[in-house]
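Counting starts at 1 for both ligands and their atoms, in listed order. Position 1 is the first residue of the sequence; numbering continues from there.
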Amino acid sequence: MIYSRIAGTGRYLPEKTLTNADLENMVETSDEWIQTRTGIRQRHVASEDELTSDLCVEAAKAALDSADVTAEDIDAIFVGTTSPDLIFPNIATIIQHKMGIPACPCYATEAACTGFVYAISAADKFIRCGDLKNVLVIGAEIITKLIDWNDRDTCVLFGDGAGAVVLQPSDEPGIISTHLGADGEYKELLYYPVGVSNDLAAAGLGDSRIMMSGNDVFKVAVKTLSSIAQEALDANGLTIDDLDWLIPHQANLRIIQATAKRVGLSMDKVVQTVQIHGNTSAASIPLALDVAVRDGRIKPGQLLLFDAFGGGFTWGSVLLRF
Ligand code: UT7
């Protein structure tokens with residue numbers, strides 16, 4: 001039996017940070033409101049000339065180094081993002097070219113904040129089939145370029161970044177199981193109103209913004225994140241006590257706390273980066289993973305659970321041994 005396992009991780013965050021104090025000078029808000037309602041203290045914001053693929057390349061280089069492989073070894077790229085450089089070609093092909101990775105399948109997945117979990121689940125299936133040996137999987141966003149900086153409901157929440165992993169075949173898991181889902185019924189609660197076949201002319205005119213019913217999204221997020229965490233454990237005959245680390249999507253500290261409470265997990269076992277990264281959408285889980293791997297909290301052999309939820313709604317959990 002072939003499994004896939006994470007052989008290396010990496011991350012990249014744009015240099016510029018935006019603090020809550022900075023936002024106090026931009027909209028009618030306060031550090032106190034933002035921290036109390038979201039836990040966020042700061043977020044990273046890409047510069048004008050930075051592209052999502054640039055963030056991906058830096059995160060990917062770090063992941064390749066930690067997996068001790070080179071660009072020539074990579075035989076497929078999977079990227080989860082909602083903020084690609086261009087409509088086409090897809091961002092994975094741009095990354096392939098920038099990194100000098102030989103010709104290979106290049107996939108881009110658009111599943112909002114669940115993008116990385118969708119991407120790693122697909123990559124896992126290819127490796128299990130025996131088709132691929134060194135797969136680069138990235139979650140990345142420059143979501144701040146979709147932000148209306150006058151809209152205090154959303155502008156305080158989001159940040160930019162990229163996280164990457166190298167997946168390799170292994171005789172033992174590695175990834176134990178993945179559990180994906182989506183329900184388009186909830187589109188109206190969280191969406192961006194411009195696309196190729198819908199009002200493309202409005203793009204770039206600055207009159208579009210992320211549409212979000214925060215309260216409703218909050219409630220469905222907590223319910224879904226806790227039920228898919230439990231689903232992954234149940235599917236493998238495990239309990240929450242078996243888990244070493246929960247790595248949830250980092251949208252709001254209160255969502256994370258409520259999810260942990262519902263599944264009966266102490267916050268000591270939850271990797272939290274929302275305070276310093278904000279909501280980086282598809283990048284949030286691989287960013288948090290890399291932070292906790294590099295600071296020594298996550299150790300080889302430990303049982304991890306990725307738990308994601310985003311616009312669509314889309315959702316997914318991944319149970320794995322690191
Ligand atoms: O990535 C996955 C998708 N996104 C999410 O998961 C986000 C889910 N939702 C949330 O995180 C929270 O609902 C928010 C952080 C967006 C909002 O927190 P909330 O506790 O649900 O606040 P609220 O929307 O109920 O707003 C409470 C008050 C309102 O004022 P009134 O009507 O009570 O007078 C808002 O106008 O807070 C006001 N408000 C603000 N005040 C200061 C909203 N945004 C701000 C702000 N600063 N930035």
Strictly below 4.0 Å, N to O, side chains only: are [X] and [Y] in salt-bridge contact?
| X | Y | answer |
| --- | --- | --- |
| Asp160 | Arg43 | no |
| Asp65 | Lys61 | no |
| Asp75 | Lys133 | no |

For ligand 1, which atoms have a heavy atom of [X] less than 4.0 angstrom away?
| X | value |
| --- | --- |
| Val156 | 48 (N) |
| Thr38 | 15 (C) |
| Leu190 | 3 (C) |
| Asn252 | 10 (C), 11 (O), 12 (C), 15 (C) |
| Asp153 | 43 (C), 44 (N) |

(message) My understanding is that we take every heavy atom of each candidate and find the minimum distance to atom 8 (C) of ligand 1. Doing that for Ala282, Gly310, Gly214, Gly311, which one comes out nearest?
(response)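 Going through Ala282, Gly310, Gly214, Gly311 one by one, Gly214 has the nearest heavy atom to atom 8 (C) of ligand 1.
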(request) Run down the list Trp33, Phe309, Phe218 and name the one with the heavy atom closest to atom 17 (C) of ligand 1. (result)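 Result: the heavy atom closest to atom 17 (C) of ligand 1 is in Trp33.
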(request) Check whether any side-chain heavy atom of Arg5 lies under 4.5 Å from a side-chain heavy atom of Arg321, and answer yes or no. (result)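 Contact flag for Arg5/Arg321 side chains = no.
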(message) Looking only at protein heavy atoms, which one is nearest to atom 38 (C) of ligand 1, and what is the separation?
(response)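 Atom 38 (C) of ligand 1 sits closest to the protein heavy atom Arg152 NH2, 3.7 Å.
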(message) Could you identify the single nearest non-hydrogen protein atom to atom 46 (C) of ligand 1 and state the distance to 0.1 Å?
(response)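 Answer, as residue, atom name and distance: Thr29 OG1, 3.3 Å.
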Should the proximity of [X] to ligand 1, defined as any heavy atom under 4.0 Å, be assigned to the side chain, the backbone, both, or neither?
| X | answer |
| --- | --- |
| Ile255 | side chain |
| Ile34 | neither |
| Ala221 | neither |
| Thr154 | neither |
| Asn215 | both |

Using atom types as modelled and distance alone, determine if a side-chain donor or acceptor of [X] lies under 3.5 Å from a backbone N or O of [Y].
| X | Y | value |
| --- | --- | --- |
| Thr314 | Ala111 | yes |
| Glu50 | Ser47 | yes |
| Asn20 | Ile40 | yes |

(message) For the 3.5 Å polar cut-off, considering only N or O atoms, please tell me whether Ser30 and ligand 1 meet it.
(response)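 No.
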(message) Taking distance alone, with N or O pairs closer than 3.5 Å, would you say His249 contacts ligand 1?
(response)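 There is such a contact, yes.
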(request) Please find out if less than 6.0 Å separates the ring center of Tyr107 from that of Phe126. (result)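 Ring centroids of Tyr107 and Phe126 are less than 6.0 Å from each other.
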(request) Could you check Phe309, Tyr191, Phe313, Trp315 and say which one makes a ring-ring contact (aromatic ring centres under 6.0 Å, His included) with Tyr186? (result)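 Of the listed options, the one satisfying the test is Phe313.
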